[in-house]
Amino acid sequence: MELTIPESEKIVDSPIYVDSVKVMTYKDRLSLVIMGSFPDGCTNIGQATHRVESEGISLQLEGWRNPELTCTQALVSFSFVYSQVPEQVLERADSVNVNNTNYPLNN
């Protein structure tokens with residue numbers, strides 16, 4: 001499933017706070033499970049992209065929200081499964097960099 005941002009809504013970038021990243025088996029393949037929180041009840045994950053670099057995996061998560069909506073101003077937990085990184089890369093990775101912060105992986 002591809003994440004898409006609704007084109008008919010006015011949107012702005014919104015931060016995503018990551019607490020931890022784990023490697024887990026999801027639908028019979030190794031995947032990254034990212035856990036964290038959104039700053040409010042209206043933020044969503046809009047896009048997730050990765051790069052495999054010599055020093056490891058770099059993942060960029062982008063958040064968005066409609067600025068015209070009234071939202072709860074409380075941290076809202078989320079879990080996100082990202083299965084686009086090749087399994088052989090995940091098998092040897094010790095950490096992953098998400099939005100410029102390094103997280104250890106417990107393989």
Q. Run the side-chain contact (heavy atoms from CB on, under 4.5 Å) check on Leu75 and Tyr17 step by step: do they pass?
A. CA-CA 9 Å; Leu75 295 177; Tyr17 307 114; 4.0 Å; yes
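For Tyr103 (side chain) and Val18 (main-chain N/O), a donor-acceptor pair under 3.5 Å exists by modelled atom type. For Arg65 (side chain) and Asn44 (main-chain N/O), no donor-acceptor pair under 3.5 Å exists by modelled atom type. Remark: the backbone N or O of Leu61 is paired with a side-chain donor or acceptor of Asn99 at under 3.5 angstrom. No donor-acceptor distance shorter than 3.5 angstrom exists from the side chain of Gln60 to the backbone of Thr49, with no hydrogens or angles considered.
The hydrophobic cluster containing Val52 also contains Leu30, counting ILVMFWY residues as joined when their side-chain heavy atoms lie under 4.5 angstrom apart, directly or transitively. Under the 4.5 Å side-chain heavy-atom criterion for grouping Ile, Leu, Val, Met, Phe, Trp and Tyr, Ile16 is not connected to Val81 through any hydrophobic cluster.
In this structure, Asn102 places its CG atom where more than 12 heavy-atom neighbours from other residues, nucleotides or ligands lie under 6.0 Å away. Environment of CE in Met24: sparse, with no more than 12 heavy atoms of neighbouring residues, nucleotides or ligands closer than 6.0 Å.
Looking at heavy atoms from C-beta onward, Arg29 lies in side-chain contact with Ser83 at the 4.5 angstrom threshold. At least one side-chain heavy atom of Ile57 sits under 4.5 Å from a side-chain heavy atom of Leu90. In this structure, Val21 and Leu59 have side chains that are not in contact, with every pair of non-hydrogen atoms separated by 4.5 Å or more. Counting only heavy atoms from C-beta outward, the side chains of Trp64 and Thr43 never approach each other to under 4.5 Å. Within the 4.5 Å cutoff, the side chain of Ser37 has no heavy atoms near those of the Val76 side chain. Taking the side chain as every heavy atom from C-beta outward, Val23 and Leu32 approach each other to under 4.5 Å. Using a 4.5 Å heavy-atom cutoff, the side chains of Ser31 and Lys22 are not in contact.
Smallest separation of non-hydrogen atoms from Cys42 and Thr70: SG-O, 4.2 Å. Across all non-hydrogen atoms, the minimal contact from Pro39 to Pro15 is CD-O, 3.1 Å.
To the nearest 0.5 angstrom, Ser79 atom OG is 6.0 Å from Met35 atom CE. Distance CD/Glu68 to CD1/Ile11: 12.0 Å, rounded to 0.5 Å. Here the CZ-CG distance, from Arg51 to Asn97, works out to 8.0 Å after rounding to the nearest 0.5 Å. Atoms SG and CG, from Cys71 and Asn66 in turn, are 7.5 Å apart once rounded to the nearest 0.5 Å. With rounding to the nearest 0.5 angstrom, the OG1 atom of Thr25 is 8.0 Å from the CG atom of Asp28. Remark: Ile34 CD1 to Ser20 OG distance equals 9.5 Å, nearest 0.5 Å.
Ring pair Phe38/Phe78 is parallel by interplanar angle, where below 30° counts as parallel and above 60° as perpendicular.
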